Novice: 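Provided herewith is a single structure, encoded as structure tokens, for subsequent inquiry.
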Amino acid sequence: MTIIGIPAGWPADEGAARDVQRELRERLVLGESGPPPGEGHVTGLDVAYDDERDLVAAAAVVLDARTLDVVEEATAVGRVSFPYVPGLLAFREIPTVLAALGALTADPGLLVCDGYGLAHPRRFGLASHLGVLTGRPSIGVAKNPFTFTYEQPGDARGDFAPLLADGEEVGRALRTQAGVKPVYVSVGHRVSLDNACAHTLLLSPRYRVPETTRHADSLCRRALKEAQGSLGSV
DNA sequence: GCGACAG
DNA sequence: ATCTTGTCGC
């Protein structure tokens, strides 16, 4: 586990964060198809919080995209540097997530984030921030709808319905398991929406949520508990 | 102006 | 995200 400080120049308030978001948005690359689904590596990212103790733990788990076997894991623990503000989630998660990513030795391949990319009020969510900041292809797979309306997709695995904003398809509600609530997929950086959905389906052979997120979720929770333990409990 | 709103 | 018991099911 690596322990981090907050990066110099990282926005500390909402106004500064919106400025940074706008600047990063200009470096967003759309229109690339991205890595072929089922090949190379895919990396799941997730974060757990203890606001009481001002602790945040992030995990990055690299999987073999074909077998879904774990290739490498890394974690990082830091201080909470930003409150949860809808639309600015990235600023709460990114410092620690980047530290965990930086601790990896394997090629991360496609970054699979917990949250949205293009499907965001300003078309630039967490997955897009992480893609742009690392230069890597990224997608967002969220467990809850944000501010988008959509038709219910069909009941079969693979059925989907567009998430619409201003008449544009900014993401998809994608059924990864028959008869189970869909996940919400959007493009982060340098990946097409079709491929983002194809990746998501391949990563979810058995459960609603992709294996990448499942691994990252359990790992960051463990990392948080370790950090809590090493600080003593009340 | 007020409410809703990824994690 | 997080707070939380039991419970149904493979």
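Every value quoted in this text rests on a predicted model; they were computed, and no experiment measured them. Only this structure's heavy atoms are used, side chains among them; waters, hydrogens and symmetry mates stay out.
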Novice: Closer than 4.0 Å, any side-chain N/O of N144(A) to the OP1 or OP2 of dC5(B)?
Specialist: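 No, no such contact exists.
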
Novice: What's the OH-P distance between Y150(A) and dC5(B), to the nearest Å?
Specialist: 12 Å

Novice: Atom CD of Q228(A) to atom C1' of dA1(C): distance rounded to whole Å?
Specialist: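 Rounding to the nearest Å, CD of Q228(A) and C1' of dA1(C) are 13 Å apart.
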
Novice: Near DNA chain B, counting only heavy atoms under 4.0 Å, which residues of residues 116-140 of chain A show up?
Specialist: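 Output list: Y116(A), H120(A), G125(A), L126(A).
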
Novice: Is the ring centre of W10(A) less than 6.0 Å from the ring centre of F91(A)?
Specialist: yes

Novice: Could you state the CZ-P distance from F146(A) to dG3(B), rounded to the nearest angstrom?
Specialist: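 Whole-Å distance recorded here is 18 Å.
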
Novice: Whole angstrom is fine here: how far is it from OH in Y207(A) over to C1' in dG9(C)?
Specialist: 13 Å

Novice: Rounded to the nearest angstrom, tell me the gap between atom CD in E93(A) and atom C1' in dT2(C).
Specialist: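 My rounded result for the distance is 14 Å.
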
Novice: How many Å lie between OH on Y84(A) and P on dC5(B), as a whole number?
Specialist: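 Rounding to the nearest Å, OH of Y84(A) and P of dC5(B) are 9 Å apart.
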
Novice: Do any side-chain nitrogens or oxygens of R221(A) fall under 4.0 Å of OP1 or OP2 in dA1(C)?
Specialist: yes

Novice: Less than 6.0 angstrom from the centroid, inside 45 degrees of the normal: does R214(A) satisfy that with respect to the ring of Y207(A)?
Specialist: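 Positive - R214(A) is close enough to the ring of Y207(A) and near enough to its axis.
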
Novice: When the ring planes of F146(A) and Y116(A) are compared, do they come out parallel, tilted or perpendicular, using 30° and 60° as the limits?
Specialist: parallel

Novice: What's the CG-P distance between L45(A) and dA1(C), to the nearest Å?
Specialist: 15 Å

Novice: State yes or no: are the ring centers of Y49(A) and Y84(A) separated by less than 6.0 Å?
Specialist: no

Novice: Ignoring hydrogens and angles, state whether a donor on the side chain of E72(A) or T105(A) is under 3.5 Å from an acceptor on the partner side chain.
Specialist: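 Short answer, yes.
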
Novice: Looking at every strand, decide which applies to D46(A) at a 4.0 Å heavy-atom threshold: base, sugar-phosphate, or nothing.
Specialist: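 Sugar-phosphate contact only.
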
Novice: Please report the distance, rounded to the nearest Å, between CG in D114(A) and P in dT2(C).
Specialist: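 Spelled out: CG on D114(A) to P on dT2(C) is 11 Å.
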
Novice: Is L88(A) touching bases, backbone alone, or none of the nucleic acid, heavy atoms closer than 4.0 Å?
Specialist: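 Touches a base.
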
Novice: One thing to verify: whether D194(A) and R172(A) come together as a salt bridge, which I'm taking to mean a side-chain N less than 4.0 angstrom from a carboxylate O.
Specialist: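 Salt bridge: yes.
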
Novice: If you compare all heavy atoms of R208(A) against all heavy atoms of Q177(A), which two are closest, and at what distance to 0.1 Å?
Specialist: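 Minimum heavy-atom contact is N-CG, 3.7 Å.
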
